[in-house]
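Everything below concerns the one structure shown next.
The analysis underlying the following values was restricted to heavy atoms, covering all of them including side chains, and did not include hydrogens, waters or symmetry mates. First listed ligand is number 1; within each ligand, the first listed atom is number 1. No experiment lies behind these values; they were computed from the predicted model shown.
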Amino acid sequence: MSFPVHRGRRLRRTAALRTMARETRLAAEQLVAPLFVVEGSGVRQPIASMPGHARLSPELVAEEAAALAALGVGAVLLFGIPARKDAEGSGAWDAEGPVPRAIRAIRKRAPEMVVWADVCMCEYTDHGHCGVLADGEVDNDATLPLLARAAVAYARAGADVVAPSDMMDGRVAAIRAALDAEGCARTAICSYAVKYASAFYGPFRDAAGSTPRSGDRRGYQMDAPNVREALREARADLEEGADFLIVKPGMPYLDVVRAVREAVDVPLAAYQVSGEYAMLHAAADRGWLDLDRAMEETVIGLRRAGADLVITYFARVLAARLAEGRAAAEARR
Ligand code: PB1
């Protein structure tokens, strides 16, 4: 079809026509909100590098989860920050640690909220790596039972989903076997199957105190130039028993989101990580970007690339904007 028979602008002319013709949509229930949990009570420690976010004690996490539930946000993803760290990250499986306490508090305060618990050692080890060290390297196989113990602790506390973000080989199978052996067969596993060694995790590491004391994560997280490897990782984790998958980070890896979406048929989440969040805020603070438009455009971009779910630090603000939009549309009727 060519001009003037075809006029692309006919369906862009008004907001209502654009809404009618929209190909990709975003709903609050497709958003997952990461939350940082610390020990104690009444604790709210703002995170300088992540405006609007704070390290919260369990009861305040539960309050936040209730507010997110009221906005229709689909799930929360919990990251624990213990008061004490050690070489093997033993705080990760402490039944009275911040994450199990937060899960129990959410179950009471917002029982309808879906709770994901991140499973990794990096927030709990004093060296900051995602596993235990042996001869200066992360010992893959020695880390597997530790991850499994942590996953069981979160499942026992009531987590609906455990989400291993460690990138150890074989961790999904180890966690699935442990959950099933401990009577937690109904707990789902959302694996960070495709997770790159990225420059975009800085603010998170600042928030969690999880920057490696030595070396980096290139020996276990994926190399940015690779996408075929992402398909191998995704298939391997599904084979081991993952129920759904995460690609992370998000924006720099939209091609990977698309490739994984076309290769697997389970729900797929994309993680708009802390550095992606912080850079939009920093540019907006300098007057270089309209933050509201930039957050909507980046999150819908992840959905358009094929993500069914988007893990984002914008979840609460975006869900509120979606609710306002619905209210305004209803008022116009
Ligand atoms: O928002 C983020 O930057 C997420 C960071 C992510 C949490 N799953 C990891 C970043 C890192 O490698 O330090 C934590 C790894 N377990």
Under a plain distance cut-off of 3.5 Å, with no hydrogens placed, do [Y] and [X] share a side-chain donor-acceptor pair?
| X | Y | value |
| --- | --- | --- |
| Asp118 | Tyr192 | yes |
| Tyr271 | Tyr313 | yes |
| Glu88 | Ser90 | no |
| Gln272 | Thr298 | yes |

Can you tell me which portion of [X] lies within the under-4.0 Å heavy-atom range of ligand 1? Options are side chain, backbone, both, or neither.
| X | value |
| --- | --- |
| Cys122 | side chain |
| Tyr277 | neither |
| Asp118 | side chain |
| Ser165 | both |

Among [options], which one has a heavy atom closest to [atom]?
| atom | options | result |
| --- | --- | --- |
| atom 14 (C) of ligand 1 | Arg205, His129, Lys195 | Lys195 |
| atom 8 (N) of ligand 1 | Lys248, Met50, Glu123 | Lys248 |
| atom 1 (O) of ligand 1 | Tyr313, Tyr201, Phe204 | Tyr313 |

Give a yes or no on this: more than 12 heavy atoms of other residues, nucleotides or ligands lie within 6.0 Å of atom [atom1] of [X].
| X | atom1 | value |
| --- | --- | --- |
| Asp223 | CG | yes |
| Glu297 | CD | no |
| Glu112 | CD | yes |

Near [X], which atoms of ligand 1 are under 4.0 Å from a heavy atom of that residue?
| X | answer |
| --- | --- |
| Arg217 | 11 (C), 12 (O), 13 (O) |
| Tyr192 | 8 (N) |
| Cys120 | 16 (N) |
| Tyr271 | 1 (O), 4 (C) |
| Phe79 | 7 (C), 8 (N) |

**OP:** For Gln221 and ligand 1, answer yes if some heavy atom of the residue is under 4.0 Å from a ligand atom, otherwise no.
**Re:**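 Contact present.
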**OP:** Carefully, step by step, assess Phe244 and Trp116 under the rule ring-ring contact (aromatic ring centres under 6.0 Å, His included).
**Re:** CA-CA 12 Å; Phe244 55 130; Trp116 303 13; 5.2 Å; yes
Subject >> Identity and distance of the protein heavy atom lying nearest atom 3 (O) of ligand 1 >> reply: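 Scanning the protein heavy atoms, the shortest distance from atom 3 (O) of ligand 1 goes to Ser274 OG, 2.7 Å.
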Original post:
Does a side-chain N-to-carboxylate-O contact under 4.0 Å join Glu64 and Arg316?
Top reply: yes
